[in-house]
Number of protein chains: 2
Amino acid sequence: MSEQRRLDFLERYPPPEKRGMPKYARLRAALVSAIEGGYWAPGAKLPTEQELTGATPYSLGTVQRAMRALVEDGIVVRRQGSGSYVATAPRQIDNPWHLRFRTADGRGFLPVSPHVVLRERVEVRGPWSEPLGQEGDNILRVDRRIDVGDEFAVYSRFFVNADRFGSLLYRPLAELDDANFKQILLDEFDLPVTHVSQDVRMAIFPADACEAIDVEDETVGLFLQVVASAGAGDPVYYQELLIPPTERALHVSDLREASET
Amino acid sequence: MSEQRRLDFLERYPPPEKRGMPKYARLRAALVSAIEGGYWAPGAKLPTEQELTGATPYSLGTVQRAMRALVEDGIVVRRQGSGSYVATAPRQIDNPWHLRFRTADGRGFLPVSPHVVLRERVEVRGPWSEPLGQEGDNILRVDRRIDVGDEFAVYSRFFVNADRFGSLLYRPLAELDDANFKQILLDEFDLPVTHVSQDVRMAIFPADACEAIDVEDETVGLFLQVVASAGAGDPVYYQELLIPPTERALHVSDLREASET
DNA sequence: GCCCATTTGTGCGTATGTATG
DNA sequence: GCATACATACGCACAAATGGG
């Protein structure tokens, strides 16, 4: 007889009931919530497929598809013949704004603290125009100064299509300070950001940015361009990051590449 | 009656017959080969699930799993009620050495041409030691100068565990010039590189690297550190790239993030 | 070394839902 | 309305790895 494992996670972390959301996605979401909420500690053994199919309204195939997705996320490790376990170093699910700097020991990331310095519609065209479908001034730009661990500051320019995501226009600025835009997209627009394209080079920073982040004019630093998309071909935002010279390394990806052998 | 679609791709692009390779992976590999080989043009309609299950030794579930993997790769687009199509801008499958620089128009990538300048065992420890499991001098280092589109050169330091991948030691250097190490890992060791962690910062280049890539001493440029893993927690190589100042943007990722909402 | 229960991995067949044209 | 085609879901069978006795 196998050891009894906790199976009431569905009560504590109920699966979302979004209309049209498939079962495997609901189960996956519930498991993610439970793991992030500490229901199972890192390294803990998860219920077996049998237990999950028995104690939940999900069939074996559905359970397996949800678990496979968690493995691809790096949240769960499965060992044939042994069991499924919470990954010991679960990857950060929400890497807000794609801005993570390594700590000195290389293991963690420095805390970031953003605040909005500008919000406006833009009519000029730029690298954002094509991916976001600019027509006239339907582009919303949000600039932020992002303090990184009391060491330095990064300047961020953020662009979305105002026709699609106009509700951002009417939020108070303070609310945008700490907003995880990915979370907003998922919660309010049901758009999961799944693809990220990032280009990096060195560049001379413009005067306004230098002033905003307290570096001297004409500073040369890292220039990062980000296009985030929902699904394979639906860009939802474009972002530019100006990172002054620092010893800290910017972590640009910890992502899956090709899938399933 | 539906239009007859070409179904002899399995003869022209036979699925690999690796022992223990699951069917869905073989079908996926065959489809990838056929698409990359031009059997179906971008935008072309692929055979339906029915046709595939009927004309191949694969069941519906297997076909669907292979197709879903292709969608996650961005190689195929599926539309319910319509069909499956080759993506019009299929992502580059093999981004050798993670070194791709945008062309001026931002659409393509500059050609790269590497050649080996050094191959040796190393005993000193470094950032590669922990992920690769260094014990004594069991680390193999391969340095290369990589010319990028006749414009500039990048210096690359590459590290693997010699105990695991010792066969690299005995290959002629010329053969390593153009080697796609990912392909070697897949073909000879059955190890698909699926995870890539990349950190970037600015750094002063050491004298030997400056000389090798024809830039002046003490040059400040991009410093990129890469850890590539097979599966969630099996690092297979560590790489450092020294990129001198250039207008060209380095493309650091076009990868999936979270999966299957 | 072997056997055996457990657990995940793969594969097949079927049924049903839903979007497309 | 209708046939087509992808999407989800279920149930079953067997293979393969694990871990303990």
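In what follows, every chain begins at residue 1, and chains take the letters A, B, ... in the order their sequences are listed.
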With B:Y58 via ring pair (Phe, Tyr, Trp, His ring centres under 6.0 Å) - residues at least two apart: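 Partners of B:Y58 under the ring pair (Phe, Tyr, Trp, His ring centres under 6.0 Å) test: none.
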For nucleotides 11-21 of chain C, 5' to 3', base contacts (B), sugar-phosphate-only contacts (S) and non-contacts (-) with protein non-hydrogen atoms under 4.0 Å give SB-B--BBBB-
Mind checking what makes side-chain contact (heavy atoms from CB on, under 4.5 Å) contact with [X], not counting sequence neighbours?
X	value
A:T53	A:Q50, A:L60, A:V63
A:Q134	A:R125, A:W128, A:S129, A:N138, A:I139
A:P127	A:Q225, A:Y238, A:E240
A:E130	B:R107

Taking [atom1] from [X] and [atom2] from [N], how many angstroms apart are they, rounded to a whole number?
X	N	atom1	atom2	answer
A:L27	D:dT8	CG	P	14 Å
A:L52	C:dT7	CG	P	12 Å
B:L46	D:dT4	CG	C1'	16 Å
B:E49	D:dT8	CD	P	11 Å
A:Q50	D:dC14	CD	C1'	14 Å
A:R68	C:dT7	CZ	C1'	16 Å
B:M67	D:dA7	CE	C1'	13 Å

Between A:K23 and A:S59, is there a donor-acceptor pair closer than 3.5 Å when you use the side chain of the first and the backbone of the second?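 No; zero donor-acceptor contacts below 3.5 Å.
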Under a 4.5 Å cut-off applied to non-hydrogen side-chain atoms, are A:F109 and A:R102 in contact? yes
For C:dT8, does OP1 or OP2 lie under 4.0 Å from any side-chain N or O of A:S84?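 For C:dT8, OP1/OP2 do have a side-chain N/O of A:S84 under 4.0 Å.
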Return the set of residues passing salt bridge (charged side-chain N to carboxylate O under 4.0 Å, His left out) with B:D163 (not counting sequence neighbours), or none when no residue passes. none
Looking at residues at least two apart in the chain, or sitting in another chain, which of them share a salt bridge (charged side-chain N to carboxylate O under 4.0 Å, His left out) with B:R141?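 Partners of B:R141 by the salt bridge (charged side-chain N to carboxylate O under 4.0 Å, His left out) criterion, ordered by chain and then number, come out as B:D143.
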Taking five pairs at each terminus, the helix from C:dC2-D:dG21 to C:dG21-D:dC2 shows an axis bend, to 10°, of 10°
